[in-house]
Amino acid sequence: MKTKGKVTGIVSNLVSVEVDGPVAQNELCFIDLDGVKLMAEVIKVNGNTASTQVYESTRGLKVGDPVEFEGRMLEVTLGPGLLSSNYDGLQDNLATMKDVFLKRGEYTSPLDSEKIWEFKPIAQPGDRVAAADWLGEVKEGWMPHKIMVPFSFKGEYTVKSVAAPGNYKIHDTMAVLTNEKGEEVKVDMTQKWPVKVAIDGYKEKPRPYKIMETGVRAIDTLNPIAEGGTGFIPGPFGCGKTVIQHAIAKQAEADIIIMAACGERANEVVEIFAEFPELVDTRTGRKLIERTIIICNTSNMPVAAREASVYTAMTIGEYYRAMGLKVLLLADSTSRWAQALREMSNRMEELPGADAFPVDLSSIISNFYSRAGIVVLNNGNTGSVTFIGTVSPAGGNLKEPVTESTKKCARCFYALSQARADGKRYPSIDPIDSYSKYLEYPEIEEYFSKRISPDWVKNVYKAKNIILRGKEAHDQINILGDDGVPMEYHTRYWKSELLDFIILQQDAFDAVDCQSSLERQEFMLNKVLEICDKQFEFDRFEQCVEYFKNLINIMRQMNYAAFKSEDFNKYLKQLDKTLEENGK
């Protein structure tokens, strides 16, 4: 028997409901507005009054309108057909919507129930299985999509039968399992899971022990992100957050890409829809959209849907992680999600924290970020969810609560600099403010020792020190003038400029320079550090400037040439000849 209620108060999308029975936190309900069912979620229960956040516009809603509670949480449908799809925050398929604009109360099925999938069994009758164990496989595009024991199953089950190889629809029975009581349970290709509960169908969750290569030098070389790691990109408007996300999505060493637009402006979301189907996947030569899922929630949609969109995206990411795949989840921008939390908190008249955000903002963000990670599955395979969020601090203030709260839980911090963006130094990641705590992990250091060289981490810190010392020298030159400082200050500054132009700056629109392999990054960093170790003798600062500009020009041509190609080697010889003329 479902609990029912009636509306007693409306403050924008916060609706108070008087209930006639038990309701639970995060339970779903539908409010009847003249025959249109509006989905809402319980966010607070006080006696017989439930406060709900409505995922639709509440215009026209009246006190006394009937409400029916579902007895379940907001959940997503998981199964074949998610890839290449565009969903809203509630997992409604935007492609099957009837109109150009989303209508209130219109909810569509996220998966096509009539599509045929070619099934291959993995489990055998008599096998003992548990939640998230693999029963079979279908090809979703070119990706292997595992049909699993539903995550909600508790304890061990015995496989009674598995469907024979062949073509099936998603709701056909793929396996019959027997529980410990001897009861039979049918399993099809789909399952449902509540978005605010982490999927835990794995054996262990170790610390990240290897990096995810993104092809972006400012990330991979100086501040690498681990596979299964967390990072975030704060920065003012116009600093290139979206371009960096697109570059990472296109080039990162991931099997599945999930883009969650949680409250960004509509034109930025349209850009994702327009560009991703056209982007060529550098790893496979196919279209990038074939292994991408887009969760779309623009700034003019109800604020409650912003919160739903990030959880929906993470749950889908955890689902593919349970298949042993590497998932990259990009959220743009988590500031909009935090603003939605602030609006609901204010409407409920809760005690405000800093800048009127909820007092528990840090714990909400931390709990969400903690769902990312690399896991060891029950069968010994590994899967991972790597999460990178962007933050849009008002006025570029990196001391505001969302940035500070995210700093406490994310291990990588990629601060975008307005000054670097204005100087057209892209990507505009500030090398001094940014950091990666993964460089401190012994597991990552060991990985770099085997993957590149035992001195790699030491060289990275050396490069950071050169940049910092170069900034200090530049500040002194600006204060005292070109002739008011020793020549050594000019040399130190231009060594940092060499590192900046060759390692930190990258052309995202050039076919060669857009992606840099680790081997190439190692070669170029070692070459730059070799130059920085040299002692130069200049008579005047103009000579120093001209000399280093020439070096920068040659090495930039190397960046635009294919690694170890004829052109690359030609510029390398030219560089070595130039260095012989001055320096020891």
Side-chain angles (χ1 to χ4, degrees), residues 208 210-235 239-262 264 268-269 271-272 275-284 287-295 310 313-314 317 320 325-334 369 372 374 384-392 406 410-416 420-421 426-431 434-436 438 503-518 520-521:
K210 57 182 176 178
I211 74 157
M212 170 175 276
E213 296 178 35
T214 66
V216 180
R217 291 190 293 270
I219 295 176
D220 291 352
T221 298
L222 286 194
N223 299 298
I225 187 165
E227 183 187 321
T230 54
F232 77 114
I233 308 171
C239 280
K241 292 190 292 292
T242 304
V243 174
I244 290 175
Q245 280 203 326
H246 284 202
I248 294 171
K250 183 180 176 182
Q251 297 154 194
E253 193 185 14
D255 300 314
I256 306 292
I257 308 295
I258 303 176
M259 297 286 293
C262 44
E264 276 304 298
E268 292 192 19
V269 179
E271 194 176 301
I272 297 173
E275 286 193 8
F276 267 61
E278 302 302 321
L279 289 178
V280 175
D281 183 355
T282 53
R283 299 175 68 208
T284 62
K287 295 295 185 183
L288 186 63
I289 195 70
E290 293 181 31
R291 58 183 180 95
T292 301
I293 302 166
I294 299 172
I295 310 294
V310 292
M314 181 59 82
Y320 280 99
L325 298 174
K326 300 174 186 175
V327 180
L328 175 62
L329 171 54
L330 301 165
D332 189 13
S333 129
T334 54
Y369 270 74
I374 191 165
S384 64
V385 172
T386 306
F387 178 67
I388 301 177
T390 64
V391 177
S392 305
T406 310
R411 313 305 290 169
C412 291
F413 176 62
Y414 302 117
L416 299 190
R420 287 185 67 81
Y426 291 112
S428 57
I429 297 172
D430 191 305
S434 304
Y435 61 77
S436 169
Y438 294 114
I503 304 298
L504 299 183
Q505 295 178 47
Q506 197 165 350
D507 189 341
F509 300 97
D510 181 75
V512 175
D513 197 35
C514 69
Q515 185 172 18
S516 191
S517 66
L518 266 186
R520 182 177 188 133
Q521 291 181 47

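In this text the structure is predicted, and so the values were computed from the model without any measurement. Each residue takes its place number in the sequence, starting with 1.
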> Angle class for the Phe413/Tyr435 ring planes (parallel below 30°, perpendicular above 60°, tilted otherwise)?
Replying inline: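 The arrangement is tilted - the two ring planes meet at 30° to 60°.
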Atom pair [atom1] ([X]) and [atom2] ([Y]), whose distance is rounded to the nearest 0.5 Å:
X      : Y      : atom1 : atom2 : result
Thr334 : Ile388 : OG1   : CD1   : 12.0 Å
Gln506 : Ile219 : CD    : CD1   : 9.0 Å
Thr292 : Lys287 : OG1   : NZ    : 12.5 Å
Asp220 : Ser516 : CG    : OG    : 8.0 Å
Leu416 : Ser434 : CG    : OG    : 7.5 Å

>> Set out, in order, the CA-CA distance, both residues' side-chain angles and the distance that settles side-chain contact (heavy atoms from CB on, under 4.5 Å) for Ile233 and Ile429, then state yes or no.
In response: CA-CA 9 Å; Ile233 308 171; Ile429 297 172; 5.9 Å; no
> Please walk me through it: do Asp507 and Val512 pass side-chain contact (heavy atoms from CB on, under 4.5 Å)?
Replying inline: CA-CA 9 Å; Asp507 189 341; Val512 175; over 6 Å; no
Considering non-hydrogen atoms only, spot the tightest contact between [X] and [Y] and give its length.
X      : Y      : result
Pro224 : Thr221 : CD-O, 4.4 Å
Val243 : Ala508 : CG1-CB, 4.3 Å
Ala249 : Leu330 : CB-CD1, 3.7 Å
Asn223 : Ser436 : OD1-N, 3.3 Å

> Is the closest side-chain donor-acceptor distance between Asp332 and Thr390 under 3.5 Å?
Replying inline: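 There is such a pair (donor and acceptor under 3.5 Å, judged by atom type) between the side chains of Asp332 and Thr390.
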> Under 3.5 Å, is there a donor-acceptor pair between the Ser384 and Glu227 side chains?
Replying inline: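 A pair is found: one side chain offers a donor N or O, the other an acceptor, under 3.5 Å apart.
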Taking [Y]'s backbone N and O only, do any of them form a donor-acceptor pair with [X]'s side chain (distance below 3.5 Å, no angle check)?
X      : Y      : answer
Arg217 : Ile503 : yes
Ser428 : Ala421 : no
Thr230 : Phe387 : no

> Hey, are the side chains of Lys241 and Ser333 touching, using non-hydrogen atoms and a 4.5 Å cut-off?
Replying inline: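 No, every pair of side-chain atoms sits at 4.5 Å or beyond.
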> Can you find a heavy atom in the side chain of Met314 that is under 4.5 Å from one in the side chain of Val385?
Replying inline: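 Yes, at least one pair of side-chain atoms sits under 4.5 Å.
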> Should Tyr414 and Phe232 be marked as a ring pair (Phe, Tyr, Trp, His ring centres under 6.0 Å) after you check the CA-CA gap, both sets of side-chain angles, and the distance that decides it?
Replying inline: CA-CA 6 Å; Tyr414 302 117; Phe232 77 114; 8.6 Å; no
> Excluding sequence neighbours, so at least two apart, what forms salt bridge (Lys or Arg N to Asp or Glu O under 4.0 Å) with Arg420?
Replying inline: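 Applying salt bridge (Lys or Arg N to Asp or Glu O under 4.0 Å) to Arg420 gives Asp500.
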>> If the condition is side-chain contact (heavy atoms from CB on, under 4.5 Å), which residues does Pro208 pass it with, not counting sequence neighbours?
In response: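 Pro208 satisfies side-chain contact (heavy atoms from CB on, under 4.5 Å) with Ala226, Tyr438, Tyr441 once adjacent residues are dropped.
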> Pick from Val216, Ile211, Thr386: which one makes a side chain to side chain contact (heavy atoms under 4.5 Å, CB included) with Ile225?
Replying inline: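 One option only clears the test, and that one is Thr386.
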Please tabulate, for the side chains in residues 250-262, all donor-acceptor contacts under 3.5 angstrom to protein atoms that are two or more places apart in sequence or on a different chain.
unit_1 : atom_1 : unit_2 : atom_2 : d
Gln251 : NE2    : Thr214 : O      : 3.2
Gln251 : NE2    : Cys514 : O      : 3.0
Asp255 : OD2    : Lys326 : N      : 2.8

